[in-house]
There are 2 protein chains.
Amino acid sequence: MESRCENCIVRQFNSLRAMTKDELKKVSDAKVYKKIKKGDPLFEEGQKLDGVFCVRDGVSKLSKLSTNGKDQVVKLATKGSVIGQRSVIAEEHTNLSAVAVNDMEVCFVPKENILSTLQRNPDFAVEVLRHMAHDLKEADDVIVNMSQKTVKQRVAEAFLYLKQNFGEDKNGFLRLTLSREDIANVVGTATESCIRIISEFKKKGFIDTSGKKIKIADERGLKDLAQGF
Amino acid sequence: MESRCENCIVRQFNSLRAMTKDELKKVSDAKVYKKIKKGDPLFEEGQKLDGVFCVRDGVSKLSKLSTNGKDQVVKLATKGSVIGQRSVIAEEHTNLSAVAVNDMEVCFVPKENILSTLQRNPDFAVEVLRHMAHDLKEADDVIVNMSQKTVKQRVAEAFLYLKQNFGEDKNGFLRLTLSREDIANVVGTATESCIRIISEFKKKGFIDTSGKKIKIADERGLKDLAQGF
DNA sequence: AAAAGAATATGATAATTGTCATGTTTTGCG
DNA sequence: CGCAAAACATGACAATTATCATATTCTTTT
């Protein structure tokens with residue numbers, strides 16, 4: 001199950017693909033493979049990271065606790081994502097905590113590998129920049145959605161996002177199953193409000209549910225709703 | 001008024017300080033100095049940028065229009081900021097528009113200068129990365145504030161932010177004067193709600209106003225309020 | 001200086017969303 | 001299996017915020 005980075009498919013999806021054979025070898029020698037159980041943290045807000053996590057399988061939520069005790073999920077990181085890059089590069093403490101949403105397999109890569117490669121390989125640096133630029137754009141979009149859209153619209157968007165980014169299983173259910181509370185924390189609302197809206201969507205035929213599982217039944221309808229029609 | 005980048009103080013505040021003498025010379029030869037009047041755009045959302053803007057003076061709001069016609073200010077860029085980096089690096093269309101909040105002086109730097117320096121000078125690349133990492137962290141914080149704080153708390157934070165980042169004049173008024181509408185668009189609320197809260201803050205002695213100008217009268221009080229006490 | 005047009009201000013009201021209470025269902029576990 | 005705990009669900013109500021209407025003040029233009 002553990003293997004060499006050089007052969008890792010997951011690498012194709014992230015900035016590590018811009019590393020040279022040599023650099024990859026070093027990473028591979030230094031990396032530590034870890035399994036993380038659903039609900040366990042990769043790291044906590046405010047911690048100092050001495051490396052990044054490359055996600056091989058499973059999903060992690062990156063969230064921040066607010067003074068009132070709720071946490072806002074800022075991002076969901078899946079297979080191929082590199083977690084902790086920002087803090088390592090800025091050489092700051094993390095501003096988010098990372099918790100496994102389901103069982104995960106990750107590789108921990110010491111920051112020295114990342115930082116020295118950044119200094120030596122411009123292609124890698126530019127690749128990391130591109131990823132960060134993309135993340136920044138997404139963050140901007142989230143800000144706009146948070147301030148301009150209603151909770152209902154945001155819930156609709158969340159489902160569309162989940163379909164787009166994690167896909168559906170053979171029966172049409174969203175592959176990534178989140179608790180109602182997690183959905184609420186993604187959307188930025190109270191759990192009860194979220195549940196209420198899910199019930200409403202079900203009643204109106206936008207979605208179907210089976211336990212925690214959710215199936216998008218009327219994508220067009222959800223899209224219109226998310227746009228405000 | 002126009003001058004060489006090598007001697008520009010503003011450069012000290014942004015990633016251009018990591019450029020070599022030589023690279024700076026090239027930038028200096030290629031750059032175009034521009035004055036932009038209050039209210040005029042530097043660029044519009046969706047445009048393709050062929051360079052970045054280095055702010056020498058004045059302030060620009062970076063905002064995004066939503067379907068309902070309001071625009072959300074995502075960032076205020078002041079002296080020393082480089083605007084448009086994200087789009088140039090990702091080689092994408094801009095996701096935000098930039099409008100001058102007051103009269104501005106900027107230098108337009110063609111993207112070729114930026115991109116080639118990124119490839120050749122790892123120090124520069126890492127410096128840009130650091131800045132982007134910082135922006136990303138700030139964006140995450142904004143997301144959390146948007147979803148977890150009340151409008152009142154966000155208005156309080158906005159004033160504290162303005163003091164921190166733009167300072168006060170000799171009479172204690174915030175140096176950056178924004179219209180009520182702009183403040184509302186920073187905070188993500190309706191203009192009327194924003195005005196109402198400003199009135200309330202005035203009544204409660206948190207702030208003083210004189211026309212559009214705002215003076216923080218009780219910083220402790222505002223801070224407590226922003227934290228939820 | 002007067003008129004026109006913004007921007008600011010405030011009231012009244014409606015819509016959205018959060019909170020608390022209380023069931024019901026599902027899940028995990030000895 | 002059966003029980004406890006957690007997650008889900010829904011009602012009732014309160015708080016927050018948006019919207020619409022309408023003044024009032026400030027700015028700009030002529």
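Everything quoted here is computed from the prediction, not taken from an experiment. Residue numbers begin at 1 in each chain, while the letters A, B, ... track the order of the sequences.
Within the 4.5 Å cutoff, no side-chain heavy atoms of Ser63(A) are placed close to those of Lys75(A).
Annotation for Gln164(A): atom CD does not count as buried by contact number, only 12 or fewer foreign heavy atoms lying within 6.0 Å. More than 12 non-hydrogen atoms from other residues, nucleotides or ligands lie less than 6.0 angstrom from OH of Tyr161(B).
A distance of 8.5 Å separates CZ of Arg154(A) from CD1 of Ile197(A), quoted to the nearest 0.5 Å.
Positionally, the nearest nucleotide of DNA chain D for Ile198(A) lies more toward the 5' end than for the other of Lys212(B) and Ile198(A). Between Lys152(B) and Glu192(B), the one whose closest nucleotide on DNA chain D sits nearer the 5' end is Lys152(B). The residue among Arg196(B) and Lys38(A) whose nearest nucleotide of DNA chain C is located toward the 5' end is Arg196(B).
Ion pairing between a basic and an acidic side chain is recognised when a charged N comes within 4.0 Å of a carboxylate O; Glu200(B) and Lys152(B) show such pairing.
Residues satisfying the side-chain hydrogen bond (donor to acceptor under 3.5 Å, both in side chains) test with Asp50(A), not counting sequence neighbours, are none.
With respect to Lys79(B), the side chain to side chain contact (heavy atoms under 4.5 Å, CB included) criterion is satisfied by exactly one of Asp57(B), Asn14(B), Ile9(B), Val59(B): Asp57(B).
Side-chain atoms of Ser60(B) come within 3.5 Å of backbone N or O of Val99(B) as a donor-acceptor pair.
For DNA chain D, the contact window with chain A, defined by any atom under 4.0 Å from a protein heavy atom, covers dA7(D) to dA12(D) in 5' to 3' order. Where DNA chain C meets chain A (any atom under 4.0 Å from a heavy atom), the bounding nucleotides read 5' to 3' are dT17(C) to dC20(C).
Contacts of Ser193(B) with the nucleic acid, taken as non-hydrogen atoms under 4.0 Å apart, include base atoms. Among the protein residues, Ser199(B) comes within range of the sugar-phosphate backbone only, with heavy atoms under 4.0 Å from sugar or phosphate atoms but none that close to a base.
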